[in-house]
Amino acid sequence: MSYTALYRKWRPTGFKDVKGQDHIVRTLKNQITSNRIGHAYLFCGTRGTGKTSIAKIFARAVNCENPLDGSPCGQCRTCKNIASGSSLNVVEIDAASNNGVENIRDIREQVQYPPTEGRYRVYIIDEVHMLSTGAFNALLKTLEEPPSYVVFILATTEVHRIPITVLSRCQRYDFKRITIQTLTDRLKELSLAEQIQVEEKALAYIAKAADGSMRDALSLLDQCVAFHFGETLTYDHVLDILGAVDTAIFSRMFRAVAEEKTRDCICQLEELVLQGRELGQFVTDFTWYLRNLLLLQASDDAEDLLDMSSDNKKLLEEDARMTDGETLMRYIRVFSELSNQIRYAAQKRVLVELAFIKLTKPQMEHNYDSIIERLNKIEEQLEEGIFAAPPAGAQISGLSPVSPVPAGTQPQAGTQLPEGGAGLAAGIPVPVGNPPGQVSLPRAQLEDLQLIRNEWGKIVKSLGGVIRSSFRDTVVEPSGDSCLCVVFLSVENYEIGRRPTIMGELETYVKNTYGKDIYFKSRLIGSGERLDTIYVSEEELKEHIHMDIVVEED
């Protein structure tokens, strides 16, 4: 006797065997038990989710002589005839090969005759989106007003190609992708029934590779068992057969990208190619790995969303700390574009190598994401004391000439430097010549100013995005009671940073983080303006003057 593929052998025969589509099964069973059966149904969803299987079960259930809770009994003569394909009451049509007007006309002629056995004639039209425009038009009238004993079940994977006139005449049921856990449980159940020795980790990976399709999961299991027939199917076996890559490889690849080691990325890719790994699958899995890293950063309880072992989660958490969310989103964007290109590419390896070069060399791209990443890396280098000397003779318009600042020199009190002092090393000039002046402030205003100045680098870095890039060269100055002014040294940054939404975001962050209701204004630095004013409290000013101060009233 010839071998029967697992997905055919274990096709559901009753509603109880259907996995992952409980919302549809319950609705259809209720219709049968209450005798509220419709005349036209549209089953739509991705491949392998049970559309045709449920259509066949429903066809038997509506004709069953002894239905059990809305499900076919499977024992009566009608159920057996329909299951064996000998019943004339259930007609299954493949619209991919029978998509002409004449095929629909044949159906219109057949529906004139009542069923020879049972109560309904059921027409299952699979891949109905393949019908021609003329065929759809020929079907419309029959679909709208069929005889009382006719039921149409249309199945499709591309519902957007169905004319709206057909959609409006059908009860639509959307089939969901089956979850990885449901697929794994089903594969485990069938492995026991088939006496297949297999690791649970291997089944979990097969379920993930199936991408929500039960048929794909069973086909992949069939393929893996055939390759390693007679021995235990392990996780490594599955990776070899499917051309997939272990999670540890993704971690090493990601760390090489985060450290901008282009050569290491290319060498690791070379090893994968020599091992015969499928590059399209690698791109998909690596994009998924990046998605998991982003989830860990963006959500406090992301561990519940990640279906993996504790060891892999620990490794993932370590990798997530190596970069920020904006950089990860750029990585995902690059690989998402690659996944669309690689399907039809003749030189897949070249495209993957190019993508890794883009990730490790953001200066080669000129889009917003890469520019932000380059700015962030410069800021990190400045904070660590790694900086390049400014161009010879470089000055910022409106400031006095600058003198070189020796390494390790501390800025003068009252001189505000962006990003917590990194601006000094970056070449932001410190005025020289006349000594800085002192200005007294009320204690409350001085405390607000000192708090924000001390935390300014942290505030700008935490807000990120546009604020982090445009607020780099800024100085915070007092501007009255509970009010501070952000002074921009660059016209371009000022035009971006002065927007009300940006200032509002800054005020909200300060209030939530420090509990301070501070109003922020913005302005561009004036011509010849000094930024080295030393702000002190009125009490400190009195201590240094050593004389009585008389306040004269006007």
Strictly by modelled atom types, are T182 and T179 linked by a side-chain donor-acceptor pair under 3.5 Å? yes

First locate atom OG1 of T284, then atom CD1 of I342, and finally report the distance between them rounded to the nearest 0.5 Å. 8.5 Å

For residues S251 and D319, report the shortest heavy-atom separation together with the two atoms involved. OG-OD2, 2.8 Å

How close do L269 and M253 get, counting heavy atoms only, and between which atoms? N-CE, 4.0 Å

R252 side chain to C265 backbone, donor-acceptor under 3.5 Å: no

Looking at R333 and E337, does any basic side-chain N land under 4.0 Å from a carboxylate oxygen? yes

Would you kindly say whether Y514 and D448 are connected by a side-chain donor-acceptor distance under 3.5 Å? no

Looking at the rings of Y289 and F335, which for Trp means the six-membered one, are their centres under 6.0 Å apart? no

Less than 4.0 angstrom from a charged side-chain N to a carboxylate O is my criterion; do K348 and E278 meet it? yes

Could you tell me whether a side-chain N or O of S462 sits under 3.5 Å from a main-chain N or O of I459, the two making a donor and an acceptor? no

Any donor-acceptor pair under 3.5 Å from Q297 side chain to A320 backbone: yes

Between the side chain of R186 and the main-chain N/O of L183, is any donor-acceptor distance below 3.5 Å? no

Applying side chain to side chain donor-acceptor pair (under 3.5 Å), run through D285 and Y205 and close with a yes or a no. CA-CA 11 Å; D285 289 346; Y205 188 85; 2.9 Å; yes

Within the distance-only criterion (no hydrogens, no angle test), does the side chain of R499 pair as donor or acceptor with the backbone N or O of E495 below 3.5 angstrom? no

CZ (R26) with more than 12 external heavy atoms under 6.0 Å: no

With distance as the sole test, does K261 use its side chain to make a donor-acceptor pair with the main-chain N or O of R255 at under 3.5 Å? no

Using a strict threshold of under 4.0 Å (side-chain N to carboxylate O), is an ion pair present between R321 and E318? no

Go through the side-chain N and O atoms of D264 and Q268 and say whether any donor and acceptor fall under 3.5 Å apart. no

Please check this pair: side chain of S168 against backbone of T165, looking for a donor-acceptor N/O pair closer than 3.5 Å. yes

Is there a donor-acceptor pair under 3.5 Å between the side chain of S339 and the backbone N or O of S336? yes

For a quick test of reading the model, state the closest non-hydrogen atom pair linking Y494 to L524 and the distance between them. CE1-N, 3.8 Å

With a distance cut-off below 6.0 Å to the six-membered ring centre and an angular limit of 45° from the axis, does K201 pair with Y235 as a cation-pi contact? yes

Exceeds 12 heavy-atom contacts within 6.0 angstrom, atom CD of Q171: yes

Where do K176 and D174 land on the salt bridge (Lys or Arg N to Asp or Glu O under 4.0 Å) test, with the steps shown first? CA-CA 6 Å; K176 301 176 181 178; D174 290 293; over 6 Å; no

Centroid-centroid distance, F286 to F254, less than 6.0 Å: no

Within the structure provided, determine whether L449 and Q445 are in side-chain contact (heavy-atom separation under 4.5 Å). no

So, do I502 and F471 sit near enough that their side-chain heavy atoms are less than 4.5 Å apart? yes

Test: E477 and R453 ion pair at under 4.0 Å: yes

Between S479 and K521, is there a side-chain donor-acceptor contact under 3.5 Å, judged purely by atom types and distance? yes

Side chains of N454 and Q450: any donor to acceptor distance under 3.5 Å? no

S213 side chain to R47 main-chain N or O, any donor-acceptor pair under 3.5 Å? yes

Answer yes or no: is there a donor N or O on one side and an acceptor on the other, between the side chain of T327 and the main chain of T323, under 3.5 Å? no

